[in-house]
Amino acid sequence: MPNLSLDVTPLPAEWFARDVNEVARDLLGAELSATTAEETVTVRLTEVEAYGGAEDPGSHARRGPTARNASMFASAGRVYVYFTYGMHWCANLVTGPEGEGSAVLLRAGEVIEGLELARRRRPSSRSDRDLASGPARLAKALGLTGEHDGLEIGGAAAAGTGSMVVELRAAPAGVTAWERGPRTGVSGPGGSAAEFPWRYWIAGDPTVSRYRAA
DNA sequence: CGGCTGATGGACT
DNA sequence: GTCCATCAGCCGA
């Protein structure tokens, strides 16, 4: 299935109204931009993970809505940002209808616009290809934090002293060279990692995060 | 480049 | 208490 054009605002709901795995795969190659204070960082998505609702043992939504995951249960086209490991923010795009709790975790990307700002935000990055080569790295390069949880794509929201606008454009011709495999850190009772090969990445792309299965 | 390990705090049982 | 949808720093090659 070819990628649909996403150059309209707000996003067409039908683009998200299908299996979260198809949405995840079609997000590969898409361009996500985040603008604050007249400065924009854009990443070309190279790695994502699909997470289902209550039926998915690896999903934050598996035990129903809480204060933390509330925005996951909103309708499609919003950003779900959560805090993990005591220091990192990670960003997802909500894909399901209201109440479902499905979303796509943005795991890695290539910075294609706003390189200077991305470098400023990630001074510890060893090279430009590491600027967004991991979920927390990507969120940091884009400037996304808990302030932006629930933000609607294509919309704007007050965030601290400034504002944030997030926009998404699909790859013009789609991505054909994609691969998939087990998600990170998803195993144990209720479903092994192998049962959910819902991690997708662009084959051979140097910005894909260095994940090794246990 | 790749492997190993400590850091660090909120959510949830 | 325990569990994280992780990363930076350090080391060796």
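Order of the sequence lines fixes the chain letters, A, B, ..., with proteins taken first and strands second; residue numbering starts at 1 for each chain. FYI, side chains are in, hydrogens and waters are out, and symmetry mates aren't considered; it's all heavy atoms of this structure. Quantities reported herein were computed from a predicted structural model and do not represent experimental measurements.
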Whole angstrom value for the distance that separates [atom2] of [N] from [atom1] of [X]:
X	N	atom1	atom2	answer
A:Leu144	C:dT6	CG	P	17 Å
A:Met87	B:dG10	CE	C1'	12 Å
A:His60	B:dC12	NE2	C1'	11 Å
A:Lys140	C:dT6	NZ	C1'	12 Å
A:Asp130	C:dG9	CG	C1'	13 Å
A:Arg137	C:dA5	CZ	C1'	15 Å
A:Trp201	C:dA5	CH2	P	19 Å
A:Leu105	C:dT6	CG	P	7 Å

Proximity to the side chain of [X] - top-ranked nucleotide from [options]:
X	options	value
A:Tyr80	C:dA8, C:dT6, C:dA5	C:dA5
A:Arg126	C:dC7, C:dT6, B:dG3	B:dG3
A:Phe83	C:dT6, B:dG10, B:dG3	B:dG10

Base of C:dC7 and ring of A:Tyr85 stacked, centres under 5.5 Å, planes under 30° |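 Whether judged by distance or by angle, A:Tyr85 falls short somewhere, so it does not stack on the base of C:dC7.
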
Assess A:Arg180 against A:Trp178: is NZ or CZ under 6.0 Å from the centre of the six-membered ring, and within 45 degrees of the ring's axis?
->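 Not flagged: A:Arg180 not positioned over aromatic ring of A:Trp178.
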
Would you classify A:Arg122 as touching base, sugar-phosphate or nothing, given that sugar-phosphate means primed atoms plus P, OP1 and OP2, and contacts are heavy atoms under 4.0 Å?
->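 Answer is sugar-phosphate: A:Arg122 comes under 4.0 Å of backbone atoms only.
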
With a non-hydrogen cut-off below 4.0 angstrom, is A:Asn69 in contact with a base, only sugar-phosphate, or nothing?
->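 Answer is nothing: A:Asn69 stays at 4.0 Å or more from every strand.
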
Any sub-3.5 Å donor-acceptor pair from A:Asp56's side-chain atoms to A:Gly58's backbone N or O?
->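 Such a contact is found between A:Asp56 side chain and A:Gly58 backbone.
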
Checking A:Arg18 side chain against A:Trp15 main chain: does a donor-acceptor pair fall under 3.5 Å?
->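 The answer is yes, because a donor-acceptor pair under 3.5 Å joins these two groups.
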
In terms of side-chain heavy atoms, does A:Glu113 have a donor or acceptor partner in A:Ser33 at a distance below 3.5 Å?
->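 Side chains of A:Glu113 and A:Ser33: no pair found under 3.5 Å.
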
For [N], does OP1 or OP2 lie under 4.0 Å from any side-chain N or O of [X]?
X	N	result
A:Arg63	B:dT13	yes
A:Arg62	B:dC12	no
A:Ser124	C:dC7	no

Any strand is fair game: report the nucleotide pairing with C:dA5 by Watson-Crick or G-U wobble, both distances under 3.5 Å, or none.
->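 WC or wobble partner does not exist here.
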
Atom pair OH (A:Tyr200) and CZ (A:Arg183), whose distance is rounded to the nearest 0.5 Å |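 Atom-to-atom, A:Tyr200:OH and A:Arg183:CZ are 9.5 Å apart.
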
